[in-house]
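Since this is a predicted model, take the numbers as computed values, not measurements. Letters A, B, ... are given to chains in the order of the sequence lines, protein chains preceding strands, and every chain is numbered from 1.
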Number of protein chains: 2
Amino acid sequence: MLPKNSNDLVSQWQAHAPVFAALGDVTRLALVAKLSGGPPRSIAQLTEAQVGFAESEESRLTRQAITKHLRVLERAKIVRCVRRGRESLFEFDPKPMEELHTYLELVSKQWDQALDRLKAFVEE
Amino acid sequence: MLPKNSNDLVSQWQAHAPVFAALGDVTRLALVAKLSGGPPRSIAQLTEAQVGFAESEESRLTRQAITKHLRVLERAKIVRCVRRGRESLFEFDPKPMEELHTYLELVSKQWDQALDRLKAFVEE
DNA sequence: CTAATATGCAACCAAGAGGTTGCTTATGAG
DNA sequence: CTCATAAGCAACCTCTTGGTTGCATATTAG
């Protein structure tokens with residue numbers, strides 16, 4: 001897709017793809033929104049907090065389903081987990097999403113520059 | 001996860017999750033990088049352009065695989081497709097990624113505010 | 001007009017994702 | 001100390017994803 005010497009770009013894609021993928025699910029977006037808005041929370045609390053989000057009791061996910069999603073976010077380093085007694089507490093880490101933010105700005109700039117080149121070309 | 005009256009937040013998640021998911025793959029990130037850096041390109045061109053990205057001839061994806069990825073990006077509205085003669089040309093649309101950018105800023109701000117509340121609380 | 005090129009489509013396959021259930025272990029509240 | 005709570009783990013199931021192959025159709029270059 002790009003010359004081989006753009007290895008830093010390739011390694012950016014390899015770093016960002018898992019973070020994008022981790023955010024590519026409504027449940028995980030909801031978990032991230034919850035955790036980024038306050039203190040660390042346990043699995044039980046996050047499972048309980050579906051009240052209000054899920055339309056009915058039947059559409060709530062089990063604790064194990066929430067745990068699976070939290071592990072996906074943990075692997076993408078969007079959250080970190082600390083065990084305290086019988087509770088696993090999950091805390092938001094803004095860094096990976098800040099890096100996505102930066103990456104999206106880079107793509108946007110690249111597009112703007114491509115448009116500028118096209119415009120300049122058309123006006124020749 | 002949040003009170004039921006935050007339906008606009010829920011609809012944001014439902015809108016953004018597919019875009020994040022579409023970007024959650026190295027091949028699709030490479031395609032987006034390529035398309036955001038220049039003019040519309042055909043499937044054949046994008047398939048050919050793997051030279052340099054893929055380490056070897058053996059690791060290149062088939063045209064059908066590239067097409068599948070482009071359809072994923074098309075469904076997320078990151079690219080749009082125009083048929084010209086025998087060619088399907090794909091063009092970058094910056095809007096969905098700009099919306100992700102805005103969303104990431106919102107999450108970051110939410111986190112900063114949560115930290116401020118914690119700090120204020122600790123200093124009481 | 002013909003051959004080359006570009007693409008669409010479907011079928012196939014293996015792996016992974018997302019969810020549940022059942023059970024066990026560890027911790028803490030009372 | 002006991003019971004409630006929190007969590008871990010594995011197995012299972014269905015669906016989706018990501019890739020390939022084979023073949024057909026449409027368009028265009030020569």
A.B. asks: Any base atoms under 4.0 Å from R63(A), or only sugar-phosphate, or nothing? Heavy atoms, all strands.
C.D. replies: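 Since a base atom lies under 4.0 Å of R63(A), the category is base.
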A.B. asks: Can you identify which nucleotide, out of dA6(D), dT21(C), dT20(D), has its nearest atom closest to the E87(A) side chain?
C.D. replies: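 Closest nucleotide to the E87(A) side chain: dA6(D).
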A.B. asks: Taking the side chain as everything from C-beta on, heavy atoms only, tell me whether F90(B) gets closer than 4.5 Å to L31(B).
C.D. replies: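 F90(B) does not reach L31(B) side chain to side chain.
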A.B. asks: CD1 of I66(A) versus C1' of dG8(D): gap in Å, rounded?
C.D. replies: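 Value for this atom pair: 16 Å.
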A.B. asks: Evaluate the ring planes of Y103(A) and H16(A), with Trp represented by its six-membered ring, and classify them as parallel (under 30°), tilted (30 to 60°) or perpendicular (over 60°).
C.D. replies: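 Aromatic pair Y103(A)/H16(A) classed tilted.
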A.B. asks: Rounded to the nearest Å, what distance is computed from the NE2 atom of residue H69(A) to the C1' atom of nucleotide dT20(C)?
C.D. replies: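 Spelled out: NE2 on H69(A) to C1' on dT20(C) is 12 Å.
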A.B. asks: How close or far is atom P of dA4(C) from atom CZ of R86(B), stated in whole angstroms?
C.D. replies: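 The answer, rounded to whole Å, is 12 Å.
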A.B. asks: Select base, sugar-phosphate, or nothing to describe what R71(B) touches, counting heavy atoms under 4.0 Å on all strands.
C.D. replies: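 Contact class for R71(B): sugar-phosphate only.
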A.B. asks: Starting from P on dG8(C), measure out to CZ on R83(B) and report it in whole angstrom.
C.D. replies: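 Result: 5 Å.
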A.B. asks: Quick one: label R28(A) by what it contacts on the DNA or RNA (base, sugar-phosphate, nothing), any heavy atom closer than 4.0 Å.
C.D. replies: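 Sugar-phosphate contact only.
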A.B. asks: Of all the choices, dG19(C), dA11(C), dT28(D), which nucleotide is nearest to the side chain of K68(B) once you look at every atom?
C.D. replies: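 Per side-chain heavy atoms of K68(B), the pick is dA11(C).
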A.B. asks: Report yes if a donor N or O on one partner sits less than 3.5 Å from an acceptor N or O on the other, where the partners are the side chain of Q64(A) and the base of dG22(C); otherwise report no.
C.D. replies: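 Present.
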A.B. asks: Are the side chain of E87(A) and the backbone of R84(A) linked by a donor-acceptor contact shorter than 3.5 Å?
C.D. replies: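 Such a contact is absent between E87(A) side chain and R84(A) backbone.
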A.B. asks: Considering every strand and a 4.0 Å limit on heavy-atom distances, what is the contact class for A44(A): base, sugar-phosphate, or nothing?
C.D. replies: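 Sugar-phosphate contact only.
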A.B. asks: For dG8(D), does OP1 or OP2 lie under 4.0 Å from any side-chain N or O of S88(A)?
C.D. replies: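 Yes, within the criterion.
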A.B. asks: Can you tell me the distance, in whole Å, between the CG atom of L89(B) and the P atom of dT28(D)?
C.D. replies: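 Going from L89(B) (CG) to dT28(D) (P), I get 12 Å.
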A.B. asks: Which sits closer to the 5' end of DNA chain C, D25(A) or S42(B), going by the nucleotide each is nearest to?
C.D. replies: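 First, find each residue's nearest nucleotide; the 5'-ward one identifies S42(B).
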A.B. asks: Take atom CZ of R84(A) and atom C1' of dT5(D), then tell me their distance rounded to the nearest Å.
C.D. replies: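 Nearest whole value for this atom pair: 18 Å.
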A.B. asks: How many whole angstroms separate atom CZ of F90(A) from atom P of dA6(D)?
C.D. replies: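 Atom CZ in F90(A) sits about 14 Å away from atom P in dA6(D).
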A.B. asks: Mind checking whether F20(A) and F20(B) have parallel, tilted or perpendicular rings, split at 30° and 60°?
C.D. replies: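 Because their plane-to-plane angle lies in the 30° to 60° range, the rings of F20(A) and F20(B) count as tilted.
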A.B. asks: If you check the T62(B) side chain, which of dA7(D), dT21(C), dT20(D) turns out closest?
C.D. replies: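 For T62(B), the side-chain atoms sit closest to dT20(D).
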A.B. asks: Output the rounded distance in Å from CG (L61(A)) to C1' (dT21(C)).
C.D. replies: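 The answer, rounded to whole Å, is 14 Å.
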A.B. asks: Do E74(A) and R71(A) sit within salt-bridge range, that is, some charged N less than 4.0 Å from a carboxylate O?
C.D. replies: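 Salt bridge between E74(A) and R71(A), a charged N being under 4.0 Å from a carboxylate O: yes.
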